[in-house]
Every structure is written in structure tokens, then in C-alpha cells.
Chemist: 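Before anything else, here's the structure in question.
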Amino acid sequence: MAAPAVGKRVLDTGWLAARSTEVELTGVQLTTTDPPAAGPDTAAPWMPAAVPGTVLGTLLKNKLIPDPFYGLNNQAIIDIADSGREYYTFWFFTTFRCAPSGDQHVTLNFRGINYSAEMYLNGHKEVLPKGMFRRHTIDITGILHPDGNNLLAVLVHPPDHPGAIPPQGGQGGDHEIGKDVAAQYVEGWDWVCPIRDRNTGIWDEVSVSITGPVNITDPHLVSTFHDDFKRSYLHCTFQLENKSSSVADCAVKIQVSTEVEGTICLVEHLQSYAIAAPHSVLEYTIPPLFFYKPNLWWPNGMGKQSLYNVEISVDVKGFGESDYWSHYFGFRKIESTVDESTGGRIFKVNGEPIFIRGGNWILSDGLLRLTKKRYMTDIKFHADMNFNMIRCWGGGLAERPDFYHFCDVYGLLVWQDFWITGDVDGRGIPVSNPDGPLDHDLFLLCARDTVKLLRNHASLALWVGGNEQVPPVDINSALMNDLKLHPLFVSCQKIKDQEKYLSQESTDPSKYLDGTRVYVQGSLWDGFANGKGDFTDGPYEIQYPESFFKDSFYKYGFNPEVGSVGLPVAATIRATMPPAGWSIPIFKKRIDGYIEEVPNTIWDYHKYIPYSNPGKVHDQIELFGHPKDLDDFCEKAQLGNYVQYRALLEGWNSFMWTKFTGVLIWKTQNPWTGLRGQLYDHLHDQTAGFYGCRCAAEPVHVQLNLASYFVEVVNTTADELADMAVEISVWDLDGVSPYYEVTEKIVVPPKKVKQIIEMKYPQMKDAKPVYFLLLKLFRLSDNKILSRNFYWLHLPGKDYKLLEQYRKKKIPLRIESEITVSGSIHKVRMTIENKSKKSIAESTRFVGLSRPGDNLRKVEVSGTDSGVAFFLHFSVHTSEPSTAEEKCIDTRILPVHYSDNYFSLTPGEKIDIDISFEAPQGSTPRVVLRGWNHHPNHTVVI
């Protein structure tokens, strides 16, 4: 048998699982004389397992439990508090081939187990200690089977303190989970149901690594900059472990390459030498590599996300290549301080202040089905919304390398909390765990290991001790010390001081545990909320859109959590609930005129948050007319979603740098089929709020201040906007434009908001009660539109009920489609034009122009009316429902990426929408267009 090559092999297939109480054999027997049969011969209690994954994921995979995220199914699954920990203690078993030869060494690696385990390999036992967020590496060289066939069994135990769920629910259940170092959301929150197994399982990657006598461990990459980012050095420190019994004469190589226009270009190569004593670990620092004007990594909206591939290898004399490591790396410098004028925390990347607009993130999936494909979709969705930061909330995960990789690729800065929450750790009701987890040393071990796992990612911007709480004093002090900044990364230091430091200080920055990004003790401290730890984040419910623009709405410079509604589309409701969940809330009108929404029991279980806040906010769905059924309710909810989230971000835009330094929406998504606080649902279909955010968070943006009715231009970039103008047009429900204006030439300085002109239409004598407003920021020299923003508005004291009649309008459209198919990947460019007769003679300014190809298709949608084609939205499906019963079947293809959606077109307007998706094998995709007053359900069959 040939010697296996140096490298890593992931063990993610062929796993079996069984409940421990149903297996009479010992771990030694399972991995020697009595292994379970795999394949079609698998017999109970053994079953195919989800690895990586959880016990619940395995049970669901084998249809032994109902889908816990569907309807009220979760109530039918026994909770660990009632079953006992043994019920969710499971064996996991697999086989793998590996037969090292000569001086090769093999390690078995577990990147995440929840919560503790015993590992058996070929009859040999190894205890894997407690802690959800730690890696386990076991040298298995001496216990591999000579014939290369190896039997592996892992007995996984749930968290020690899984807790119980009080009848009233609550934030983190009874808080017992806080005694362990584990994800706290699993006991349930006001936005998620309890996870019955508390995420027990082998939840992250399992692998086998083969090396020579010397292996590379935990390289730390750091870039430093000088002369205004013209000169850069790449620093690198790692450990060399010599596992052999003789001295190893090592040649260490580092190679840095990047892709330039599709070609891999070698940027730098260095070779140096080291001597490793027998059975020893040597910390080795490579001499810094010099780069002149490297391509910098920038956050989304500020520039390119340039990434270099750093490859490190070690050759041992007499053996050859002994180990190899690689990582994508971005040259960038992140600084963060508290702004003296606003009190908010400021983030600078490569010296440029970044106005933060982003969202809070729990985790992608509550059963920890965390695939690369799902992560890519999640992170690209955030980039599509023009966000530049994701906060990994403290009750969730230390996110995985795949998550961070896609944040690197798409330019999302990441704020990573450690595993402390105020609700569970000393500030909740009832008060519990005031001293945090029971084992402080374990917490710090997990924290330090997490830092080593993630620190090389360009996107990682900030470590935070906890959510709405600081860690216990000893943990906090240790983290402050461990994560102290290297002098080169202290923001207040002048360039000349840095040069002085280089000549005097011998410590290479890559020798620090991190040292390149700040540590903040809690999410309400030191530049977040009021900076003092008081509960000054939020609010979390529906608001009047104009409220976000008022100076009184929020007092502090950086709001780490502000949330609202998030009902998905009707198709998602039908796909995730039985018919009993398709009934819409009962609207109860109170004596004070406010409406109280009373949802059905399934919506209530799925944490629905209403579109009214009696006593404060009138119902924002009833505003459009009383909903008739589920489709009507969800369509009007999308109108509310779009308005709510666009206004939220535009309100923050309006005070950019004068009062606010950033805002994070609570939250962007749910790890299950929840009905609140989300911009896309668990099935990966976007709400209209997604596109409201996409509009408001664009780097250059024109907007209407809904409190003052002044038009504003927001320039978040480092470049001046010159030779610009704003076109303002109002459209009534008859398709007439009673108000049209083009401003004089304007100039907007970098990182400024400029008030342009008051929109006076509401003050006009003949102003209509409901009207549309279109704003376009364009360049005078070529009419290119930089920002387009469409509003539906009503006069003070009025509502949108007149839009009900507007549904009967038949607006003529021209629709073109250009289709490109490569394997299962489909790309479609849809060009839609409103063929209504224009009532004003404005210049021709299109958002996009199609480039016709051989596969261009055209269709005319007839219509006799003139007016706005309102609230058009695309979806992609696999087949055409033919019966009433089939219409309840979810035919959507998900996920789909749209360059825009939930858009409207005024008479004469034309727009391009780019759509991309992966179609299921054997399907015939259909792109469907629907709208408020577009009912033919125009379909393009691909």
C-alpha cells in the first residue's frame, strides 16, 4: 500500500449513529470485534448520521422526529429536561483508511463537539474534554491498524447543564445552560423555540491530517503598514512540532500569490531554516516579507476585497515536504476608537472611517446544518443588502471558518461576541449565573482557541466580551490582557511613533495572540449604546417611518441592536405550517382606536411580532386596507417591511457622523422558521425589507427625510460627488405627474450628508391624499443614475386605502429576458419597461440598459391604463401548478439572488434586473413576475 500524501482528509461521509442506551457494546468492542454494519445492512439501533451536525439533525434525517421547525412539531419532540441527558447521548461511528509509512504521523481532529466525548479508535480510548468551542487534536499514529482499515467510535454527551424551559418561556429558559461554555440560545428566546437536544453532537468538521516528522500549528498572519499604506510587511509566527526522536533540519518556505485577471501571480517567496529538537515544539517567526503598494482589502461598498493566498510549507532533510498550510489573507488595517463628538464607536479600515450599517446574526441554522453553500448564500445576502458589518451575537456561535471565509470574500466586517449574555449571565429574570460559567479556565481556553482559529481572517474586526453583559472580572481581565493591541495597532499612535517603535521594539506583531483588533468588554459599553452598560439598545417593534428621522428617536452614537417586524411571503407560511397556520391575525379595535393583532397559535409559537403597537403605533397593514386572506396580508406586510427597514437605515443616514457612527439591525435572519426580526427567511427567500435595506444602505444614496421632507444626498465614500443633480417627480394614481423638478448642480463632499431641497408637494393646494415620489441622483455630464429611490406616501392624517382600487389598473409593460445557462447555474437579465404615456418631458435616464444577445426574448403586456407599475417582484419556480391542491405546494427555487426586487416603475421608466440561481437537476425553471397592479403573472420558461 502506497504511503498517503501529506495533507488533510475530511471525514464527512459514512457516519452511523445510535442512542447510547440502546447500544450494549462498549467502545472497545465497537472498534475491534463488533462494529456496526454500514450501508444497506445497517440495523437498528444504528442509523445514518449527520456529521457534522447534531443528534436532532440525525433523528430528522432518519425521519424519527418530525421537522421541529414546521408548525407546532417542536412541541411533539421530547425536551432534554424531561428525557434526561442519556436520551440525547449518542454514539457516532465511522471507518476510514489510513496507513502511514516511515516517519509519517497522523492526527485525528475534531473542530467542534458539543459538549464532551469519549473517542475510541481501534480499541484505544481518548477522553475529549468539555467545551463546545474548542478543538481536539489526537495523535493516532501509534494506534492505526496496520492494514489501513480503522474503526472510529465517538460517544457524545450533551451539555452538563441543559436546563429546563419554564412554562412562560423566556430569554434562555431557566438560564442553566450558562453554567457551561456552550451556545445559550438553545433554551429558547423571544425569537426562537427551544432546541430539544441543546445542539448535542459532532457539530463541526472531523478530519485526519498526515504529516512528516514536523508539523505546522496555528500560523498567525499580520500585515503592518507605513508611508500611508505604500509599504507593507507580512509577519508570520507559527509553531513547529517535531514528533520524531531525532533532530529535524527544516527548510521553511512561505509563498504569497494572488489572482490578477484570472491568472495566478506569484507575489513573494521566502525560504529560511530552523532546527527542531526531538519531541519538541518550536515557536518560529519568519522574517517579515516586504510588499510595495499591495492590493488592499476593503469592506463592502468601499473598494475591492483583495485576497492573497499565503502558503507555508516545511521540508525536513531526508524526508521531503513534512507539512503544508494555506490561508487566504487580506492586507488591511482595522482601527476602532470611541468618537469624542458623538460618543459612538468608530471603525476605520486602511485609515478610512466606515459608517457602519449592518445586522445582528444568531447562526444560520438551529440544527447546525452549516454547509459551505448555505454560508455563501447567507453572507452574499448581507453583501447584497449593501451591509458592511455582521455581529455574531453572544448567545449563538463562535462562527466557523467557512462563515469568515465568505465574509472575507464579500467584504463583511465581523464583530464576534464571546459566550456571555446579560439574560443568562446575571442580568436576566430570574437572576442567575452572576459569575458566568462554572469553569472560568475552560471559558478562557475556548476563547483563546477560537482566537487562534479565526484571527487570520481579514473580515474579523472586533472581539466583544459578551452581549449586554461583561464577563466575570477574572475572565474579562484575562481577555483584556490576551487581546491587548500591539503598539503598531494603537490608533492614537502617530506614524513617526510607529517608526520609532520599529527601531526600538523587538516583538513581532505576529507573536501576539491577536494584537491587531480591539477587545471591548460588552455590547453596551465603550462606544456602544450609552457606553456604560445600561440597557440602551433597541427598540424592537414596529415604528412610524418618520420616527427614525427624529432627533429624539435614539440618543447615542452607535446602536448595536434595533429591530422590528419580519413576516415572510405567503409561500413561506404555507411551506412551513399546516393549513391551521394560514389564518391571518384577528384585528381587534380598541377603544382608543388602536388595533391589537391576535395571531393564531402557530404564529404565536413562531414568535410573530405584530405590525401594530397599541398606544404607540397604528397598524401598518391596516393602513393599506383590511387584509382579506393570507396572500393579501403577506403582500401588505411586505409593503410595511420595505418602508420600515428603509426608513430605519435612512434615519441613521440622515445623522451620519453628526450624531451616529453606526447601527446594527436586530436581526437579519432567524436560525429557524421564525416570524419576527428578519430580512430573509429560513428557506432563503427575501422579504421586501431586504430590498428596503439594499436601497437605503447603498454607498451613494438619495433619500427623503420623512420628518422634514427635505431631499438629502448621502455620500459614505471617500470621493467627492461633483457635477450632480437630483430629479424629483411626483406621480398620482391617475398616472399624472403634478410635481416635477430638477435641482441645480450640486457637490457633496466625502462622508457627508447634504440637504438639497424641500419637497413641497404635500403643501400644494391640490395635493392628492396618496401619491408616489421618485428621486434620482444623476451625473449631469452623461445622465448616469447613481441612486434611485421610489416612495409611496400619503398626506398627514390620511392612509393608503386608495391603493386598493389601484390594483385594478392595467399598466402596459414590455418585458425582455436574456438567459445564460452553465450547467445548473442560471443567469437571467430581465428588462422591464413601463409603456404608459409620460406626462412630463424629463430627460432619458435609465437605471440600466440591456445588451441584447441571441437568446433575447420579448413580450408585451397589454394595458389601457397609464400610471405606476407598483411593487413588482420576481420569483423563480420549478413548475406550473395546475390544480388548487398543487397551488399549496411550494414550487419556488431557493435561494435566488436578485439585483433588485419589490420595485416600481413610473411611466416611461425602464430597468434591468439580474437574477441568478442554481436549478435542481431535471427541473424546468420559470421566472415569474407579479405586482400590486400586475396580475398576468408573466412567466419566462428557461
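These numbers come from the heavy atoms of this one structure, side chains and all, not from hydrogens, waters or symmetry mates.
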Chemist: Mind checking side-chain contact (heavy atoms from CB on, under 4.5 Å) for Ser246 and listing every partner two or more places apart, or none if nothing turns up?
Modeler: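 side-chain contact (heavy atoms from CB on, under 4.5 Å) list for Ser246, sorted by chain: Ser244.
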Chemist: Which salt bridge (Lys or Arg N to Asp or Glu O under 4.0 Å) pairs, counting each pair once, include a residue from residues 199-218, with sequence neighbours left out?
Modeler: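 Counting only pairs at least two positions apart or across chains, the salt bridge (Lys or Arg N to Asp or Glu O under 4.0 Å) contacts touching residues 199-218 are Lys8-Glu205, Arg111-Asp204, Arg111-Glu205, Arg135-Asp218, Asp204-Arg400.
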Chemist: Are any of the side-chain heavy atoms of Thr31 and Leu121 separated by less than 4.5 Å?
Modeler: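 No, side chains not in contact.
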Chemist: When you measure from the side chain of Ser510 to the backbone N and O of Thr237, does any donor-acceptor pair fall under 3.5 Å?
Modeler: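 Yes.
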Chemist: Taking the six-membered ring where the residue is Trp, are the ring centres of Trp361 and Phe403 under 6.0 Å apart?
Modeler: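 Yes: the rings meet the under 6.0 Å criterion.
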Chemist: Test your reading of the model: is there a side-chain donor-acceptor pair from Arg332 to the backbone of Ala458, 3.5 Å cut-off?
Modeler: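 Yes, Arg332 side chain to Ala458 backbone: donor-acceptor pair under 3.5 Å.
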Chemist: Is there a donor-acceptor pair under 3.5 Å between the side chain of Ser20 and the backbone N or O of Thr89?
Modeler: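 A pair under 3.5 Å: yes.
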Chemist: Describe, in one word, how the ring planes of Trp463 and Phe418 are oriented to each other, choosing from parallel (under 30°), tilted (30 to 60°) and perpendicular (over 60°).
Modeler: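 Aromatic pair Trp463/Phe418 classed parallel.
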Chemist: Any side-chain heavy atom of Phe443 sitting closer than 4.5 Å to one from Val181?
Modeler: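 Yes, their side chains come closer than 4.5 Å.
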Chemist: Not counting sequence neighbours, which residues clear side-chain contact (heavy atoms from CB on, under 4.5 Å) with Thr32? List them please.
Modeler: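 So Thr32 forms a side-chain contact (heavy atoms from CB on, under 4.5 Å) with Val28.
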Chemist: Can you tell me how far apart OG (Ser313) and CD1 (Ile216) are? Round to the nearest 0.5 Å.
Modeler: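 It comes to 6.5 Å.
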Chemist: Could you walk me through whether Thr54 and Asn199 satisfy the side chain to side chain donor-acceptor pair (under 3.5 Å) test, starting with their C-alpha distance in whole Å, then the side-chain angles of each, then the deciding distance to 0.1 Å, before giving a yes or no?
Modeler: CA-CA 6 Å; Thr54 65; Asn199 280 161; 4.9 Å; no
Chemist: Salt bridge (Lys or Arg N to Asp or Glu O under 4.0 Å): which pairs involve residues 232-251, sequence neighbours left out?
Modeler: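 Sorted result for residues 232-251: Asp139-Lys243.
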Chemist: Ignoring hydrogens and geometry, is there a side-chain-to-backbone donor-acceptor pair from Trp297 to Asp408 under 3.5 Å?
Modeler: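 Yes: the side chain of Trp297 pairs with the backbone of Asp408.
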Chemist: Consider only side-chain N and O atoms of Asn295 and Thr258, and report whether a donor and an acceptor are under 3.5 Å apart.
Modeler: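 Thr258 and Asn295 do not have a side-chain donor-acceptor pair below 3.5 Å.
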Chemist: Can you tell me how far CG of Leu412 sits from NE2 of His382, rounded to the nearest 0.5 angstrom?
Modeler: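 One finds 7.0 Å between NE2 of His382 and CG of Leu412.
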Chemist: Establish, from distance only, whether the side-chain atoms of Tyr292 and Asp227 form a donor-acceptor pair under 3.5 Å.
Modeler: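 Judged by distance alone, the side chains do not pair up.
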Chemist: Quick check for you: to the nearest 0.5 Å, what is the distance between Ile275 atom CD1 and Leu282 atom CG?
Modeler: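 It is 10.0 Å, given to the nearest 0.5 Å.
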Chemist: Can you list everything that forms a ring pair (Phe, Tyr, Trp, His ring centres under 6.0 Å) with Tyr115? Sequence neighbours excluded, please.
Modeler: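 With neighbours one apart ignored, the set is empty.
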Chemist: For residues Leu397 and Cys392, determine if any side-chain heavy atom of one lies less than 4.5 Å from a side-chain heavy atom of the other.
Modeler: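 No. Closest side-chain heavy atoms not under 4.5 Å.
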Chemist: Examine distances only and state if a side-chain atom of His124 and a backbone atom of Ile140 form a donor-acceptor pair shorter than 3.5 Å.
Modeler: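 A pair under 3.5 Å: no.
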Chemist: Tell me whether the rings of Tyr328 and His405 are parallel (<30°), tilted (30 to 60°) or perpendicular (>60°).
Modeler: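 Aromatic pair Tyr328/His405 classed tilted.
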Chemist: Check for a donor-acceptor pair, side chain of His105 on one end and backbone N or O of Thr141 on the other, with a separation under 3.5 Å.
Modeler: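 No.
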Chemist: Got a salt bridge between Arg374 and Asp365, using NZ or NE/NH1/NH2 to carboxylate O under 4.0 Å?
Modeler: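 Judged by the 4.0 Å cut-off on N to carboxylate O distance, Arg374 and Asp365 do not form a salt bridge.
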Chemist: Are any of the side-chain heavy atoms of Leu307 and Val409 separated by less than 4.5 Å?
Modeler: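 Yes - at least one pair of side-chain heavy atoms lies under 4.5 Å apart.
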Chemist: What residues form a ring pair (Phe, Tyr, Trp, His ring centres under 6.0 Å) with His157, not counting sequence neighbours?
Modeler: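 His157: no ring pair (Phe, Tyr, Trp, His ring centres under 6.0 Å) contacts found.
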Chemist: Apply side chain to side chain donor-acceptor pair (under 3.5 Å) to His235 and Asp508, showing your working.
Modeler: CA-CA 7 Å; His235 306 258; Asp508 188 286; 2.9 Å; yes
Chemist: Residues in side-chain contact (heavy atoms from CB on, under 4.5 Å) with Thr516, at least two apart?
Modeler: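 Thr516: side-chain contact (heavy atoms from CB on, under 4.5 Å) contacts with Val222, Phe489, Asp514.
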Chemist: Within the structure provided, determine whether Trp91 and Leu16 are in side-chain contact (heavy-atom separation under 4.5 Å).
Modeler: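 When only atoms from C-beta onward are counted, Leu16 and Trp91 do not touch, as no gap falls below 4.5 Å.
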Chemist: For the backbone of Thr211 and the side chain of Asp323, can you confirm whether one donor and one acceptor N or O come within less than 3.5 Å of each other?
Modeler: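 Such a contact is absent between Asp323 side chain and Thr211 backbone.
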Chemist: Please identify each residue that fulfils ring pair (Phe, Tyr, Trp, His ring centres under 6.0 Å) with Trp415, with sequence neighbours left out.
Modeler: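 Ring pair (Phe, Tyr, Trp, His ring centres under 6.0 Å) list for Trp415, sorted by chain: Phe528.
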Chemist: Write down the atom of Phe93, the atom of Pro35, and the distance for their closest heavy-atom approach.
Modeler: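 The answer is CZ-CB, 3.6 Å.
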Chemist: Taking the side chain from Ser322 and the backbone from Val214, do they hold a donor-acceptor pair closer than 3.5 Å?
Modeler: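 Yes: the side chain of Ser322 pairs with the backbone of Val214.
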Chemist: The criterion is salt bridge (charged side-chain N to carboxylate O under 4.0 Å, His left out); which residues satisfy it with Glu352, sequence neighbours excluded?
Modeler: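 If we apply the salt bridge (charged side-chain N to carboxylate O under 4.0 Å, His left out) test to Glu352, skipping adjacent residues, the hits are Lys751.
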Chemist: Parallel, tilted or perpendicular: which one describes the rings of Tyr404 and His457, with boundaries at 30° and 60°?
Modeler: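 Tilted, since the angle between the ring planes falls between 30° and 60°.
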Chemist: Out of curiosity, Ser207 OG to Leu11 CG, how far, rounded to the nearest 0.5 Å?
Modeler: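 Reported to 0.5 Å precision, the distance equals 7.0 Å.
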Chemist: Can you name the nearest heavy-atom pair linking Phe329 to Asn456, along with the distance?
Modeler: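 Nearest heavy atoms, Phe329 then Asn456: CD1-O, 3.8 Å.
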Chemist: Could you check whether any side-chain heavy atom of Trp419 comes within less than 4.5 Å of a side-chain heavy atom of Met132, counting everything from C-beta outward?
Modeler: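 No; the side chains remain at least 4.5 Å from each other.
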Chemist: Does a side-chain heavy-atom distance below 4.5 Å link Asn149 with Thr95?
Modeler: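 Not in contact.
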Chemist: If you look at every heavy atom in Phe238 and Pro219, which pair is closest and at what distance?
Modeler: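 Between these two residues, the closest heavy atoms are CB-CA, 3.5 Å.
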Chemist: Which value, rounded to the nearest 0.5 Å, describes the distance between Leu151 atom CG and Thr33 atom OG1?
Modeler: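 Here the interatomic distance stands at 9.5 Å.
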Chemist: Can you name the residues that form a side-chain contact (heavy atoms from CB on, under 4.5 Å) with Phe229, not counting sequence neighbours?
Modeler: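 Per chain and number, Phe229 pairs via side-chain contact (heavy atoms from CB on, under 4.5 Å) with Phe225, Leu296, Lys333, Asn350.
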Chemist: May I ask you to test the Asn150-Cys98 pair for a side-chain heavy-atom distance under 4.5 Å?
Modeler: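 Contact flag for Asn150/Cys98 side chains = yes.
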Chemist: What pairs with Phe406 under ring pair (Phe, Tyr, Trp, His ring centres under 6.0 Å), at least two apart in sequence or on another chain?
Modeler: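 Applying ring pair (Phe, Tyr, Trp, His ring centres under 6.0 Å) to Phe406 gives none.
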Chemist: Under the salt bridge (charged side-chain N to carboxylate O under 4.0 Å, His left out) test, which residues partner Asp315, sequence neighbours left out?
Modeler: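 Partners of Asp315 by the salt bridge (charged side-chain N to carboxylate O under 4.0 Å, His left out) criterion, ordered by chain and then number, come out as Lys253.
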Chemist: Between Gln305 and Tyr410, do the side chains contain an N or O donor and an N or O acceptor separated by less than 3.5 Å?
Modeler: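 Note: Gln305 and Tyr410 side chains miss the donor-acceptor criterion.
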Chemist: Tell me yes or no: between the side chains of Asp474 and His440, is some donor less than 3.5 Å from an acceptor?
Modeler: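 A donor-acceptor contact under 3.5 Å links the two side chains.
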Chemist: Could you please spell out the steps behind the side chain to side chain donor-acceptor pair (under 3.5 Å) verdict for Tyr519 and Asn476?
Modeler: CA-CA 10 Å; Tyr519 167 78; Asn476 196 32; 2.6 Å; yes
Chemist: Would you check if the side chain of Arg517 reaches a backbone N or O of Arg455 as a donor-acceptor pair within less than 3.5 Å?
Modeler: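 Answer holds: yes.
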Chemist: Applying side chain to side chain donor-acceptor pair (under 3.5 Å), run through Gln29 and Asp34 and close with a yes or a no.
Modeler: CA-CA 5 Å; Gln29 291 171 316; Asp34 296 285; 4.8 Å; no
Chemist: Could you tell me whether a side-chain N or O of Arg9 sits under 3.5 Å from a main-chain N or O of Arg97, the two making a donor and an acceptor?
Modeler: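 Yes.
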Chemist: With rounding to the nearest 0.5 angstrom, report the CD to CH2 distance, Glu311 to Trp325.
Modeler: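 The CD atom of Glu311 sits 10.5 Å away from the CH2 atom of Trp325.
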Chemist: Begin from the C-alpha positions of Cys250 and Tyr284 and carry the test side chain to side chain contact (heavy atoms under 4.5 Å, CB included) through to its verdict.
Modeler: CA-CA 11 Å; Cys250 303; Tyr284 187 72; over 6 Å; no
